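These numbers were taken from a predicted model, which means no experiment stands behind them. Note that the numbering runs from 1 along the sequence shown for the chain. Computed from heavy atoms alone, side chains included, the values below leave out hydrogens, waters and symmetry copies.
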Amino acid sequence: MFGAFTFNTSQRIVFENGSAAKLADHAAPFLGPRPFLVTDPGIVSLGLQGSCETALQQTGYQLARYADVVADPPRALVEAAVEAAKAHGATSVIGFGGGSSLDVAKLVALLLGSQEDLDEAWGVGQAKGPRLPLILVPTTAGTGSEVTPISIITVGEEEKRGVVSPFLLPDLAVLDPLLTLGLPGPVTAATGIDAMVHAIEGYASTSANNNPVSRALAVEALRLLGANIEKAVFTPKDQDARGAMLLGSMLAGMAFANSPVAAVHALAYPLGGTFHVPHGLSNALVLPHVLRFNNSVAAETYAEIAAAPFPELANITDQAERADNFAGKLADLASTLGLQTRLRDVGINEEHLPKLARDAMKQTRLLVNNPRDMQEVHALEIYRAAL
């Protein structure tokens, strides 16, 4: 069933309550004397990075912080962060925060370590390396960026573009569930569904590198995420649920890092680029409609994983029916979690759909992995169904 494949992931992973405060110990082999921490203003306002910074400074490290990361970070921000790291004489880079902070940290480590131009690194396998030592500390359970060789930034006004290279995998990923306890319900919900999308698309990907390791990780990720997402949203201080979500997100990240995502992400990116809809919510808005589009060729595949997050679906023996119910359950889950479920809920109207469909077609890196061939007319139909 499977041919040759390659599986890459982060060199070392630490999963522990309170592990961020022990970063000086965990990361000692990688830091060098002058680490450079990349984060965002929200993290700083909450003080989430405080214990980590204190531990590093008390240990004698000369730490500098760049805290200007925004959602859908633009190229100019990445370049500013690189210049700040260069001025500091950075010996390592620490990404601390959500997916945007981790993505920026990856590129800072790459561009400063290799001295290459970003224009030479776009796409799959184009980055030359090497990079500076890299440590990633996620504060959301969604992107799985701490175990993916991918960085996505915004180029120009709206286009999202990616660098995909094993050089972007960190030396160390530190997963501390305590960092996620303060995540608001809507963020917890959207990032959790984002992680579920990673697992679903990674499992069903038509990439030549779809492999049994990714598939096994995707199933376990869906089991953890499906069993804990409502508890994490509605009982936000539940440390076990938060830990399960963070672990599920990481496993899903490992899965799709090696068996890449597809049309859900391709159609989600224009929602973020043009309308600044958060990435997890963008995925949630189009997810059930893309699955239903794919069902004509992928029902068997979706039926295989449907019961992992929704055990009750195991009672449905017909594969097509189970796959259809799977899409419905995911739509219902978004509603139950309090997320917007229609494009019109986020300010998107019929007149916007043709441009969204055109922009989605630019995501050839993703569309090539979709189980069913998707053309612009199909993307338009899916957006219309989601309206």
Side-chain angles (χ1 to χ4, degrees), residues 1-3 5-10 13 15 141-148 173 175 191-232 240-265 280 283-284 287-288 290-292 294-295 297-334 369-371:
M1 180 180 180
F2 293 99
F5 67 90
T6 300
F7 190 91
N8 293 309
T9 195
S10 302
I13 297 164
F15 178 90
T143 67
S145 185
E146 69 276 7
V147 291
T148 71
L175 283 77
T191 54
I193 289 185
D194 186 22
M196 295 178 80
V197 172
H198 293 155
I200 294 165
E201 291 209 290
Y203 189 93
S205 177
T206 59
S207 165
N209 204 57
N210 190 327
N211 63 84
V213 181
S214 285
R215 284 195 158 201
L217 292 169
V219 171
E220 178 62 9
L222 286 170
R223 187 189 69 79
L224 286 168
L225 296 164
N228 289 279
I229 189 167
E230 290 186 48
K231 192 179 298 181
D240 289 340
R242 290 293 192 178
M245 293 297 293
L246 195 58
L247 186 57
S249 170
M250 183 197 72
L251 296 176
M254 286 181 173
F256 92 87
N258 293 280
S259 179
V261 293
V264 176
H265 276 72
N283 274 334
L287 171 62
V290 173
L291 295 190
R292 288 190 173 114
N294 287 340
N295 269 349
V297 299
E300 180 180 353
T301 302
Y302 293 143
E304 291 171 356
I305 58 175
F310 307 116
E312 62 274 20
L313 295 185
N315 298 322
I316 301 175
T317 56
D318 181 79
Q319 290 181 332
E321 183 182 355
R322 188 190 298 177
D324 186 63
N325 274 265
F326 182 46
K329 280 281 191 181
L330 289 163
D332 291 343
L333 178 61
N369 303 313
N370 200 56

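- In this structure, T206 and N370 have side chains that are not in contact, with every pair of non-hydrogen atoms separated by 4.5 Å or more.
- Under the 4.5 Å side-chain criterion, counting only non-hydrogen atoms from C-beta, N209 is in contact with N211.
- Between the side chain of D324 and the backbone N or O of A320, no donor-acceptor pair lies under 3.5 Å.
- At a threshold of 4.5 Å between non-hydrogen side-chain atoms, the residues T301 and Q319 do not count as touching.
- To the nearest 0.5 Å, atoms CG (N283) and CD1 (I193) are separated by 9.5 Å.
- Looking at heavy atoms from C-beta onward, M250 lies out of side-chain contact with F15 at the 4.5 angstrom threshold.
- Counting heavy atoms from C-beta on, the side chains of L291 and I200 come closer than 4.5 Å.
- Of all heavy-atom pairs between S214 and A255, the closest is OG-O, 3.0 Å.
- Separating the CG atom in N210 from the CG atom in N258 is a distance of 10.0 Å, to the nearest 0.5 Å.
- Formation of a donor-acceptor pair under 3.5 Å by the E201 side chain with backbone atoms of F256 is not found in this model.
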task = Could you walk me through whether E220 and L247 pass side-chain contact (heavy atoms from CB on, under 4.5 Å), step by step?
result = CA-CA 10 Å; E220 178 62 9; L247 186 57; over 6 Å; no

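- With a 4.5 Å cut-off on side-chain heavy atoms, P309 and M196 count as touching.
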key: I13 vs V147, side-chain contact (heavy atoms from CB on, under 4.5 Å): CA-CA, chis, key distance, verdict   = CA-CA 9 Å; I13 297 164; V147 291; 4.1 Å; yes

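- For L251 against A221, the heavy-atom pair with the smallest separation is CB-CB, 4.0 Å.
- Atom OG1 of T9 is separated from atom CD of E146 by 9.0 Å, given to the nearest 0.5 angstrom.
- Summarising the geometry of T143 relative to S249, their closest heavy-atom pair is N-OG, 3.9 Å, with the distance given to 0.1 Å.
- Between E304 and Y203, the shortest heavy-atom contact is OE1-OH, 2.7 Å.
- Between P371 and V297, the shortest heavy-atom distance links the atoms O-CG2, 3.6 Å.
- Note that CE of M245 is 4.0 Å distant from CD1 of I229, once rounded to the nearest 0.5 Å.
- Taking every heavy atom of both residues into account, A241 and A232 meet most closely at CB-N, 4.1 Å.
- Ring geometry for Y302 against F326 counts as tilted: the plane angle lies between 30° and 60°, on a 0 to 90° scale.
- Distance check: H198 NE2 to L222 CG gives 12.0 Å after rounding to the nearest 0.5 Å.
- Side-chain contact check for T148 versus S145: some heavy-atom pair is nearer than 4.5 Å.
- One N or O on the side chain of S259 and one on the backbone of G202 form a donor-acceptor pair closer than 3.5 Å.
- Separating the CG atom in L287 from the NE2 atom in H265 is a distance of 10.0 Å, to the nearest 0.5 Å.
- Side-chain atoms of F5 and V213, non-hydrogen and from C-beta on, do get closer than 4.5 Å to each other.
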request  = Evaluate the criterion side-chain contact (heavy atoms from CB on, under 4.5 Å) for residue pair R322 and D318; output intermediate values, then yes/no.
outcome  = CA-CA 6 Å; R322 188 190 298 177; D318 181 79; over 6 Å; no

